[in-house]
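Okay, structure first, notes after.
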Amino acid sequence: MKPYLSLVIPVYNEEETLLLLFDAVYQALASLSCSWEVVLVDDGSQDESLSVLKTFAEKDVEHIRVVAFRRNFGQTAAIAAGIDHSQGDVIVLMDADLQNDPADIPMLLERLDEGYDVVSGWRKDRKDNTLTRTIPSNIANGLISKVTGVHLHDYGCTLKAYRREVITGFRLYGEMHRFIPVFAHSVGAKLLEVPVRHHPRRYGVAKYGLERTVKVVLDLFTVKFLLTYSAKPIYLFGGTGIGLIGLSAFLLLFLFIRRVFFQVAVLGSPLFQMGAMFFILGFQSILMGLIAELQVRTYHESQRKPTYTVKERVNVSKE
Ligand code: UDP
Ligand code: MG
């Protein structure tokens with residue numbers, strides 16, 4: 001039987017928290033009228049996390065599923081594996097350290113039912129170190145929302161609810177789980193942001209430091225490129241190329257006129273070299289765009305990935 005809700009939780013060295021986590025999860029989900037499962041992904045923990053998870057899975061075969069990685073692959077990979085191994089129509093993601101509160105899940109589901117595809121948790125009252133976590137994260141959030149045009153306050157909060165169909169069409173790399181709402185938005189999902197509770201970490205240690213913000217910003221370049229140009233890379237590369245060639249033509253024309261009408265030597269200034277350089281760069285950029293176009297075709301056609309997303313079909317059968 002396919003459950004309605006899949007709660008996906010990545011776990012890395014969280015042995016002290018797991019008992020409390022299960023308590024809180026059972027308490028929150030028992031009140032739901034829908035069917036549910038919890039998919040826990042052990043991300044190569046070196047402590048006893050996996051054996052604790054297994055004990056719970058044995059006790060509650062109906063609800064608890066465990067996937068164990070061979071080594072630590074990172075939170076994003078763990079989340080991706082959890083989604084891959086889940087079956088629910090609705091997927092809720094959450095951290096294992098109880099900084100997120102499972103008691104918020106029923107509220108997320110209610111809001112989802114109001115007609116949204118993503119209900120995104122926002123740690124409005126965040127309980128993390130201000131200098132090393134909250135401030136860098138606020139800057140990153142501002143940047144992401146500006147660059148992607150998807151306006152959320154808190155991408156880093158894992159606690160979010162998604163309809164399966166808006167998040168299964170893409171793969172997650174690097175630190176990219178925080179961009180899931182952005183990808184969902186790009187396929188036409190309706191987003192809602194709601195404040196959720198946040199608690200300080202009680203046990204274990206945070207797995208990240210300041211360097212994560214740098215990674216997130218780098219990921220943002222990739223995401224922006226993929227979102228805007230992945231179907232038509234020639235628009236970016238070709239556009240740049242034409243701009244450079246235009247600049248080069250302007251410089252060369254200027255030099256030509258100056259030489260012919262004002263008798264100023266062409267090589268008397270570095271403008272000629274600049275013009276030649278811009279021409280070569282522009283030409284290269286267009287060629288790069290063409291190669292990228294080939295890549296895009298390989299990408300879509302090898303995976304039979306359509307270049308559009310369908311919401312529903314009426315009187316149309318699709319084999
Ligand atoms: N986590 C993971 N793999 C990792 C690092 C973290 O699965 O390599 C899990 C961790 O167990 C927790 C969640 O990801 O459930 C968030 O980690 P953490 O609390 O350290 O991040 P923060 O709350 O500081 O963003
Ligand atoms: Mg945490």
Side-chain angles (χ1 to χ4, degrees), residues 6-25 28 38-53 56 64-86 91-102 104-105 120-141 144 152-160 172-181 196-217 219:
S6 296
L7 175 59
V8 171
I9 308 180
V11 178
Y12 182 51
N13 293 345
E14 307 280 4
E15 59 180 3
E16 307 99 317
T17 324
L18 289 178
L19 293 182
L20 286 172
L21 174 72
F22 275 98
D23 260 359
V25 164
V38 186
V39 184
L40 298 123
V41 182
D42 175 64
D43 187 11
S45 298
Q46 288 98 25
D47 64 1
E48 290 306 310
S49 296
L50 180 57
S51 54
V52 179
L53 294 179
F56 277 95
I64 308 296
R65 330 216 175 286
V66 174
V67 178
F69 281 175
R70 285 195 185 277
R71 65 164 173 85
N72 180 246
F73 282 94
Q75 189 185 357
T76 298
I79 286 174
I83 295 174
D84 289 343
H85 289 83
S86 71
I91 297 169
V92 172
L93 303 182
M94 195 180 78
D95 285 345
D97 55 3
L98 282 179
Q99 290 199 266
N100 296 138
D101 197 327
D104 283 320
I105 295 174
S120 172
W122 167 20
R123 298 164 293 181
K124 203 168 177 177
D125 181 18
R126 189 168 169 182
K127 303 284 194 317
D128 274 323
N129 184 307
T130 315
L131 206 62
T132 61
R133 307 303 299 274
T134 311
I135 291 177
S137 150
N138 284 346
I139 295 172
N141 283 322
I144 296 173
L152 297 181
H153 290 90
D154 193 357
Y155 290 88
C157 176
T158 313
L159 184 60
K160 299 181 197 294
L172 301 170
Y173 299 87
E175 283 291 319
M176 284 196 184
H177 62 272
R178 70 198 57 247
F179 294 107
I180 300 175
V196 292
R197 280 165 267 207
H198 193 242
H199 307 290
R201 190 184 247 280
R202 273 206 278 170
Y203 301 99
V205 287
K207 273 80 191 171
Y208 303 101
L210 206 56
E211 81 288 349
R212 180 168 61 180
T213 312
V214 179
K215 290 187 190 167
V216 168
V217 170
D219 279 341

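Just so you know, these numbers use all the heavy atoms, side chains as well, and skip hydrogens, waters and symmetry mates. Counting starts at 1 for both ligands and their atoms, following the listed order.
Asn100 lies apart from the Mg ion (ligand 2) in this respect, since none of its N, O or S atoms is found at a distance under 2.8 Å. For residue Asp97, an N/O/S atom approaches the Mg ion (ligand 2) to within less than 2.8 Å.
Each of the following atoms of ligand 1 lies closer than 4.0 Å to a heavy atom of Ala96: 12 (C), 15 (O). Contact atoms of ligand 1 toward Asn72: 3 (N), 4 (C), 8 (O) (distance under 4.0 Å to a heavy atom of the residue). Which parts of ligand 1 touch Arg201 is read off a 4.0 Å heavy-atom cut-off, strictly below it: atoms 18 (P), 19 (O), 20 (O). Short contacts between ligand 1 and Arg133, defined as distances under 4.0 Å to a heavy atom of the residue, involve ligand atoms 22 (P), 24 (O), 25 (O). In the vicinity of Glu14, heavy-atom distances shorter than 4.0 Å reach the ligand 1 atoms 10 (C), 11 (O), 12 (C), 15 (O).
Protein heavy atom nearest atom 3 (N) of ligand 1, with residue, atom name and distance: Asp43 OD2, 2.5 Å. The protein non-hydrogen atom at the shortest distance from atom 20 (O) of ligand 1 is Lys207 N, 2.7 Å. The closest protein non-hydrogen atom to atom 1 (N) of ligand 1 is Tyr12 CB, 3.7 Å. For atom 23 (O) of ligand 1, the closest heavy atom belonging to the protein is Gln99 OE1, 2.9 Å. Given atom 5 (C) of ligand 1, the protein heavy atom at minimum distance is Tyr208 OH, 3.4 Å. Ranking protein heavy atoms by distance to atom 9 (C) of ligand 1, first place goes to Pro10 O, 3.8 Å. When only non-hydrogen protein atoms are considered, atom 19 (O) of ligand 1 lies nearest to Asp97 OD2, 2.5 Å.
Looking only at distances, no side-chain donor or acceptor of Asn72 sits under 3.5 Å from a matching main-chain atom of Gly44. No donor-acceptor pair closer than 3.5 Å links the side chain of Asp104 to the backbone N or O of Val196.
By the criterion of a heavy-atom distance under 4.0 Å, the side chain of Arg212, and not its backbone, is placed next to ligand 1. When heavy-atom distances to ligand 1 are checked against a 4.0 Å cut-off, Gln75 comes that close through both its backbone and its side chain. The backbone and the side chain of Asp95 each have at least one atom closer than 4.0 Å to an atom of ligand 1 (non-hydrogen atoms only).
Judged by a 6.0 Å distance limit and a 45° cone about the ring axis, Arg71 is not positioned over the six-membered ring of Phe69.
Leu7 CG to Ile105 CD1: the interatomic distance, rounded to the nearest 0.5 Å, is 4.5 Å.
With contacts defined as side-chain heavy-atom distances shorter than 4.5 Å, the pair Arg212/Arg133 qualifies. Counting only heavy atoms from C-beta outward, the side chains of His199 and Leu98 never approach each other to under 4.5 Å. Here the side chains of Val216 and Phe179 are in contact, with some heavy-atom distance below 4.5 Å.
Remark: the Ser49 side chain and the Asp42 side chain contain no N/O donor-acceptor pair separated by less than 3.5 Å.
Across Asn13 and Gln46, no two heavy atoms sit closer than the pair OD1-N, 2.7 Å. Taking all atoms of both residues into account, the shortest heavy-atom contact from Met94 to Asn100 is CG-CB, 3.6 Å.
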| request: Show the numbers, then the answer: is there a salt bridge (Lys or Arg N to Asp or Glu O under 4.0 Å) between Glu14 and Lys207? | output: CA-CA 11 Å; Glu14 307 280 4; Lys207 273 80 191 171; 3.1 Å; yes
